[in-house]
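Notes follow the structure.
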Amino acid sequence: MATGSPTRTTCPYCGVGCGVVATPQQDGTVAIRGDEQHPANFGRLCSKGSALGETLGLDDRLLRPEIGGRRADWNEALELVARRFSETIAAHGPESVAFYGSGQLLTEDYYVANKLMKGFIGAANIDTNSRLCMASSVAGHVRAFGSDTVPGTYEDLEEADLVVLVGSNMTWCHPVLFQRLLAARERRGTTIVVIDPRRTVTAEAADLHLAIAPNSDGALFAGLLDHLDRIGLRDGDYVERHTSGLDAALLAARDCGFPGALQATHLPPEQLREFYTLWSRSERVVTAYSQGVNQSVVGTDKVNAIINCHLFTGRIGRPGMGPFSLTGQPNAMGGREVGGLANMLAAHLDINRPDHRELVRSFWGSPRIATRPGLKAVDLFRAVGEGHVKALWIMGTNPADSMPDADAVQEALRACPFVVVSDVVRTDTTRHAHVVLPAAAWAEKSGTVTNSERRISRQRSFLKPPGEARPDWRIVCDVAARMGFSEAFDYQSPAEIFREHAALSGLANDGTRDFDISACAELSESAYDALAPFQWPRRAGEALDGITTRFFAEGRFYTPDRRGRFVPTQIVLPEVSGDFPLILNTGRIRDQWHTMTRTAKTPRLMSHYAESFCEIHPDDAEDAGIGPAALVRIVSPQGAAVVRALVTERQQKGSIFVPMHWTDQHAAQGRIGSAVLPAADPVSGQPGLKFSHARIEPYEVAWYGFAVVRNRPGTIPAEYWAIARAEGGWRIELAGTAPAQDWAEYAAALIGCGEKPETLSYSDQDQASFRLATFSGDILLGALFIAPQPVAVSRTWVVEHLAASDIRGADRLRLLSGRPGADQSDPGPIVCACFSVGANQIAAAVENGAASVEAVGEALRAGTNCGSCRVEIRRLIDAAALKKAV
Ligand SMILES: Nc1nc2c(c(=O)[nH]1)N[C@H]1C(S)=C(S)[C@@H](COP(=O)(O)OP(=O)(O)OC[C@H]3O[C@@H](n4cnc5c(=O)[nH]c(N)nc54)[C@H](O)[C@@H]3O)O[C@H]1N2
Ligand SMILES: Nc1nc2c(c(=O)[nH]1)N[C@H]1C(S)=C(S)[C@@H](COP(=O)(O)OP(=O)(O)OC[C@H]3O[C@@H](n4cnc5c(=O)[nH]c(N)nc54)[C@H](O)[C@@H]3O)O[C@H]1N2
Ligand code: SF4
Ligand SMILES: [Mo]
């Protein structure tokens, strides 16, 4: 089959920043593979990256601008946005308007949005979802280094003897980098320690798991600093020549000490000692951290507690050692480079310094410049709710779901006089927009992104934008022009914006700022097109090659005295409240990306978890009267959500965990953001999304249901539902307080009808249990299973019938029973999304002698592509071994 030419681009999901080769096929699909030449992934992709080709469908894309829900043309929409922003500014001043952006925008999009707000509107009310993600790392870096610098590289993880993962579920969230780490462990015997209150798949793959009490990381690392001091591990020379502030930090650490760390973390003393010994003994140690550190009201202190230990031992900026902040989004780092946060300027210049402001203003030739930091996300939406911000433009993010206290955010949006949303699909946020602008999506956009190790890669378009969709940078520039700033926003291409960004980074820099890519200031269009991934800094005159860059081995920090700063960190023991005795922790699962606007499009990625859940320790479940697979209501002072109970000892007592992903688009009451506390870290403004007060209660229902249908129903008549795409249709979990009058009628409404439908059904006498399947010819139109307790049918096996084309006779009766016969196989819940291999298949392979993850891979291919399910496969092998042993 003839195909289009391959395009090298970058994955739009996580901060690993893998290179992707996309090849459009004759039949309209796009083949996706990892880019062997990309230094982030060397050809590997994870389950989400591999499934990118399946997310490009246009079924729910925004194709045209809309005003008040009606179709509008671009000119009308842009005019309206520019007029309403200009009028609001004229009447109420520049701080009465705001932008809320995203670490998923490209650097060029981000640059122009920041330029428009800070330089031309003249306020700094531009904040982004990076506030929910990386703000504590940024603040911690700035406090310690004087700049927002990630000192190390991915290679350091491979060259370390000890890798400590703090608050990071890397197996699922940075899968390809985790596979690199595991491969390095194979080669050199790296020790991996995971610090996480939950026993995650990452913790299971580690050599040591410290299941600390939530939020006790600060004490853990303060105790470590004290320990390092007591055993004489100070790198006297490094500390003397390159740092300041040690005395105060040591004093605070001594206050905590081993007893303080013990008290805060609740760890067994020997485990704490083991960790301190490991860390002390390994010169080559990388402490990598993610949202278990950042998303905390003490997040910045956690970051500095970690950095303190690396500065103290001089273990920074050399191969195999250093603190390492794992960025979340594909362009979290690029957003920071352009100053996309409300307390930054551009190019790592300081908004609080008049000389820096003047530098940027004159470079931009702008009439004014923001003179003080703007509102940070939580405060920003509060100001929207209170009526101080009267016009808001949201780009590439879904705050109606992803902000803490998300119902209050929805209220604020509802009350706001003018809301603009640029997105690629309809979301819970676009519902509140006065103007919806259709943005070009990943496959259609060109620009750059920067990954966790400061590596800038090109994202290249390989499809034409559908309908009237336009790239974000273009939309921003079009509005800027209509606000009277046409000259400063007269860009013809992303390359032109990138050159300007690069030039600004080198302006009056002379080594005074870390971020410098002035080597790109005069990049031609064709050189930009061909740009290979490179790490910053790249100063004017330097080659754009693949050399590795690190910071701070020789000091030279970006503080005024060029010394790195120790920061004394406070230890606060979290309080639990009487009415809300549990700690609600939230985060991610392997196959979903945030609010599921793209990953939910592919059946493969919906098969690992088709429904949201709440991990609960068995004791807490028992106390609350919640059985396995029952529905549980999570209640906090902010709000509530209803999800499936997943009772497991992997969760520590006193805490529960719910994924952040489910929205009103996929479930009736699954938005956990409603229940999340909006309290934020006082230094970084990052909300503590991992720690809310909550209680759980059974969600009492009279009936449970499970359905498969060909077409998504317009409405789903049940108090509880969760819908997921399946091959050939949809799968739906259902529950309600009052049974339907007539289940057959209910089923007909849900399933819809096809040609000459034939229906089989079964019900017990009082209709408490009911089963129905409707066929048209040889294909299944839909099936419904109702029971008074959680429905026990083989989900994966039932769902497979949607894609089958010859269901006859006995097979139909089998389907009605919800279980395969002895002659049929039930794959069980899908474990390997890359090759759709289920738990039952793996168990059978193990039964047949596959005793290792490798052997299972050989038998079934499971775990042989991205590898992120290998820990789960291991778990199944261990469970089988245990069963044999008892
Ligand atoms: N599959 C998938 N991958 C993703 C994303 C996605 O949506 N889906 N999103 C990307 C983005 S934007 C981000 S920011 C990253 C996030 O990547 P991660 O930070 O790895 O993911 P999370 O699940 O948010 O949180 C990590 C862990 O922090 C733990 N934790 C909670 N409280 C504490 C605490 O007090 N201390 C410690 N030490 N740990 C704690 C949680 O139990 C959880 O297991 O993932 C990126 N990658
Ligand atoms: N409870 C809880 N809440 C959390 C977190 C948590 O751990 N727990 N994590 C937080 C973190 S770390 C993050 S990063 C955020 C993420 O939260 P969000 O940013 O709200 O989540 P996404 O679903 O990634 O939203 C991106 C939106 O941009 C759209 N989009 C995709 N491509 C483009 C494009 O090219 N242009 C435009 N204009 N739009 C595009 C998508 O359709 C989608 O609607 O969530 C935060 N919220
Ligand atoms: S690890 Fe997966 S999600 Fe992250 S960039 Fe690579 S392919 Fe994309
Ligand atoms: Mo994030």
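Start at 1 and go down the list; that is how both ligands and their atoms are numbered.
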Heavy-atom distances under 4.0 Å are what count here, so tell me which part of Asp109 touches ligand 2: side chain, backbone, both or neither.
neither
Looking at Lys445, which atoms of ligand 2 are within less than 4.0 Å of one of its heavy atoms?
34 (C), 35 (O), 36 (N)
Within 6.0 angstrom of Arg426 CZ, more than 12 heavy atoms from elsewhere:
no
Could you tell me whether some N/O pair between Ser402 and ligand 2 is separated by less than 3.5 angstrom?
yes
Return yes if some donor-acceptor pair links the side-chain N/O of Ser636 with the main-chain N/O of Ala675 below 3.5 Å, else return no.
yes
Assess Asn41 for proximity to ligand 3: is some non-hydrogen atom of it under 4.0 Å away?
no
Compare Val176, Val20, Leu45, Thr10 and give the one whose heavy atom is closest to atom 1 (S) of ligand 3.
Val176
Just jot down the ligand 2 atoms closer than 4.0 angstrom to any heavy atom of Trp593, in number order.
24 (O)
Give the atoms of ligand 2, by number and element, whose distance to some non-hydrogen atom of Ala439 is under 4.0 Å.
36 (N), 37 (C), 38 (N)
Please find out if atom 2 (Fe) of ligand 3 and some N, O or S atom of Cys46 are separated by less than 2.8 Å.
yes
Can you list the atoms of ligand 2 that are under 4.0 Å from a heavy atom of Lys690?
7 (O)
Tell me, please: is Arg588 in heavy-atom contact with ligand 2, that is, under 4.0 Å?
yes
Under 3.5 Å, N or O to N or O, is Arg598 touching ligand 2 that way?
no
Nearest-neighbour protein heavy atom for atom 6 (C) of ligand 2, which is reported as residue plus atom name and distance
Gln295 NE2, 3.6 Å
Nearest-option assignment for atom 33 (C) of ligand 2, heavy atoms, candidates Thr327, Val421, Val424:
Val424
Of the backbone atoms (N, CA, C, O) and the side-chain heavy atoms from C-beta on, which set of Cys11 has a member under 4.0 Å from an atom of ligand 3: side chain, backbone, both, or neither?
side chain
Taking all non-hydrogen atoms of both residues, which atom of Arg671 and which atom of Ala406 are closest, and how far apart?
NH2-CB, 3.4 Å
Going by the atom numbers of ligand 2, which of them fall below 4.0 Å from some non-hydrogen atom of Ser422?
37 (C), 38 (N), 39 (N)
Output yes when the distance from some N or O of ligand 2 to some N or O of Ala440 is under 3.5 Å, and no in every other case.
yes
Phe462 ring center within less than 6.0 Å of Trp442 ring center:
yes
